[in-house]
Peer 1: 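What follows is a structure written as structure tokens; I'll ask about it next.
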Amino acid sequence: MELLRSLSERGLVYQMTAEEKLAELLDGSRLTFYIGFDPTAGSLHLGHLVPLMIARHLQNAGHRPLIIVGGCTALVGDPSERSAERTYEPRETIDGWARSIKTQLQRFLDFSARENGALLLDNREWLDDLKLIDFLRDTGKHFSVNRMLSAESVKLRLEGGISFLEFSYSLLQSYDFLHLFRTEGCILQVGGSDQWGNIVAGIDLVRRVEASETWGFTCPLVTGSSGEKMSKSQAGGAIWLDPELTTPYDYYQFWMNVDDRDAIYFMKLYTFVPGDEIDELARLTGADIRKVKERLAFEATSLAHGEDNARKAEKASRSLFGGKGDLDEVPTLQLAESRLSKGVSFLDLFVETGLCPSRSDARRLGKQGGLYLNGERIADPMQSIAVSDLKEGGLLLRAGKKRYYRIEFS
RNA sequence: GGCGAGGUUCCCGAGUGGUCAAAGGGGGCAGACUGUAAAUCUGUUGGCGGACGCCUUCGGUGGUUCGAAUCCACCCCUCGCCA
């Protein structure tokens, strides 16, 4: 009962089939399991991370992960977790997304281990060439519409509308499982709690077609204490795993800024810090909880962006918020020195760094007293910066309480 | 295919010829308070110009009008009932 229980204690398990048997399997010899990700955007985000963590836990325990990128299923669109039909994306777009997601996934698992190296597959490989009539006869035959209609994901959509395209999604995902069972000996599927219906449907299909038993479990849909989903956990939207979209520094800051109540909970989910260490940290209270968050931020950033980047983000954060250390690692914009003499207003700089989305917005922020230069509130954002404003050859801009940007002139 | 309802700014949702960049709520952001936390209070929440101002927005395209989110025509989409 060890592996399943330890996953469960970390809060990684939500629903499962045949608990006893599953626990036994997980503690037994190497098995092959799969997790799927549909490319619905050009990057994975925090919402995808928990299943990945599980995959890694399982791989660490010796099991073999199959990671499926749903190049085909994304074309159909999973109705789960969606209140309305997905936007209909052209094939080329989704192919592009699939490519970048594949690259990202490489970072999270060991693909080179001899015995249980992870395998990355795209379901285009087998779904693309299906013949419609064959598929309907061989697979569709085993699905009861009555039953599909009672699936939670479909029921939710019965009000707002669901097209046949999305309705048929679970057939395709089930077929994936069947295919992986046949070709790779895959007997376990893991996914988010919204995938339960799809997972169970797949298990059913394998049983009917192959007369074999397979298993599944889901992880909970993680939400912060204030109820927001991890998939869109921040103002600007999701926290992406792509460093181009969410820089390691911002990623680190996200974890630093989680609600006190979530710090330990997230640490269990999103890091590999051992349980007894977490118990230790859980004793901290009040302002000391920040220490938990520092650990959380460091560990989580290491996982996503490597220890080196985590170290840098940590350094930058300490110098900005703790007042000690250098500013080398703070996000920086390089500007030509000639800009100085031409007269650049603070307004311009806040927009150029992206701290403010528009000049109007920057002006508004200024009025509210939310613009700062080198720690001092900027009285007149319209003003041009002067050489005398430079500190150690640069400027430290701050928008609001905690968004910083450094500017260097060269 | 028929009949009925409806498509409003990030979301929900008012608005039914000028006073509408559009009520209200949610969310976001900022300020105060703090611990880079929570709670609370206040402000703010299309873009451009220093301000009086200008520009773009209410499913789409045309039209009526001095003037439309609001009226008309056609079209597209969604929902419900029927087929």
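Just so you know, these numbers use all the heavy atoms, side chains as well, and skip hydrogens, waters and symmetry mates. In this text the structure is predicted, and so the values were computed from the model without any measurement. Chain letters run A, B, ... following the sequence lines, proteins first, then strands; residues in each count from 1.
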Peer 1: Taking salt bridge (Lys or Arg N to Asp or Glu O under 4.0 Å) as the definition, give me every residue that meets it alongside R10(A), ordered by chain and number, with sequence neighbours left out.
Peer 2: none

Peer 1: Suppose we screen for side-chain hydrogen bond (donor to acceptor under 3.5 Å, both in side chains). Which residues come up paired with R283(A), at least two apart in sequence or across chains?
Peer 2: E280(A)

Peer 1: Just checking S360(A): base, sugar-phosphate only, or nothing, at a heavy-atom cut-off of under 4.0 Å?
Peer 2: base

Peer 1: Polar atoms only, N or O, under 3.5 Å: list the protein pairs with nucleotides 50-54 of chain B and their distances.
Peer 2:
residue : atom : partner : partner atom : Å
rG50(B) : OP2  : R363(A) : NH2          : 3.4

Peer 1: Applying ring-ring contact (aromatic ring centres under 6.0 Å, His included), which residue pairs with at least one partner in residues 298-324 of chain A are found, sequence neighbours left out?
Peer 2: Y251(A)-H305(A), F321(A)-Y404(A)

Peer 1: Report which part of the nucleic acid G286(A) touches: base, sugar-phosphate, or nothing (heavy-atom distance under 4.0 Å, all strands).
Peer 2: base

Peer 1: Ignoring hydrogens and angles, write down the donor-acceptor pairs under 3.5 Å from the side chains of residues 267-276 of chain A, residues two or more places apart or on other chains.
Peer 2:
residue : atom : partner : partner atom : Å
T271(A) : OG1  : M267(A) : O            : 2.6
T271(A) : OG1  : V273(A) : N            : 3.2

Peer 1: Name all residues meeting the side-chain contact (heavy atoms from CB on, under 4.5 Å) criterion together with A118(A); count only those two or more places apart in sequence or in a different chain, and write none if there are none.
Peer 2: Q59(A), P65(A), L109(A), F111(A)

Peer 1: Sequence neighbours excluded, which residues qualify as salt bridge (Lys or Arg N to Asp or Glu O under 4.0 Å) partners of D138(A)?
Peer 2: none

Peer 1: Mind jotting down which residue pairs meet the salt bridge (charged side-chain N to carboxylate O under 4.0 Å, His left out) criterion with at least one end in residues 286-306 of chain A? Sequence neighbours excluded, please.
Peer 2: D260(A)-K293(A), E277(A)-R295(A), D288(A)-K291(A), E294(A)-R318(A), R295(A)-E299(A)

Peer 1: Using nucleotides 42-44 of chain B, report all nitrogen or oxygen pairs with the protein that are shorter than 3.5 Å.
Peer 2:
residue : atom : partner : partner atom : Å
rG43(B) : N2   : Q368(A) : OE1          : 2.8
rG43(B) : N3   : Q368(A) : OE1          : 3.3
rU44(B) : O4'  : Q368(A) : OE1          : 3.3

Peer 1: Can you name the residues that form a salt bridge (Lys or Arg N to Asp or Glu O under 4.0 Å) with R64(A), not counting sequence neighbours?
Peer 2: E184(A)

Peer 1: Report the stems of RNA chain B as range-with-range entries sorted by first number; a stem here is at least three consecutive pairs, Watson-Crick or G-U wobble, both distances under 3.5 Å, and write none if there are none.
Peer 2: B:1-7 with B:76-82, B:10-12 with B:24-26, B:27-32 with B:40-45, B:46-48 with B:53-55, B:59-63 with B:71-75

Peer 1: Please list, chain by chain and in numerical order, all residues satisfying ring pair (Phe, Tyr, Trp, His ring centres under 6.0 Å) with Y14(A), sequence neighbours excluded.
Peer 2: none

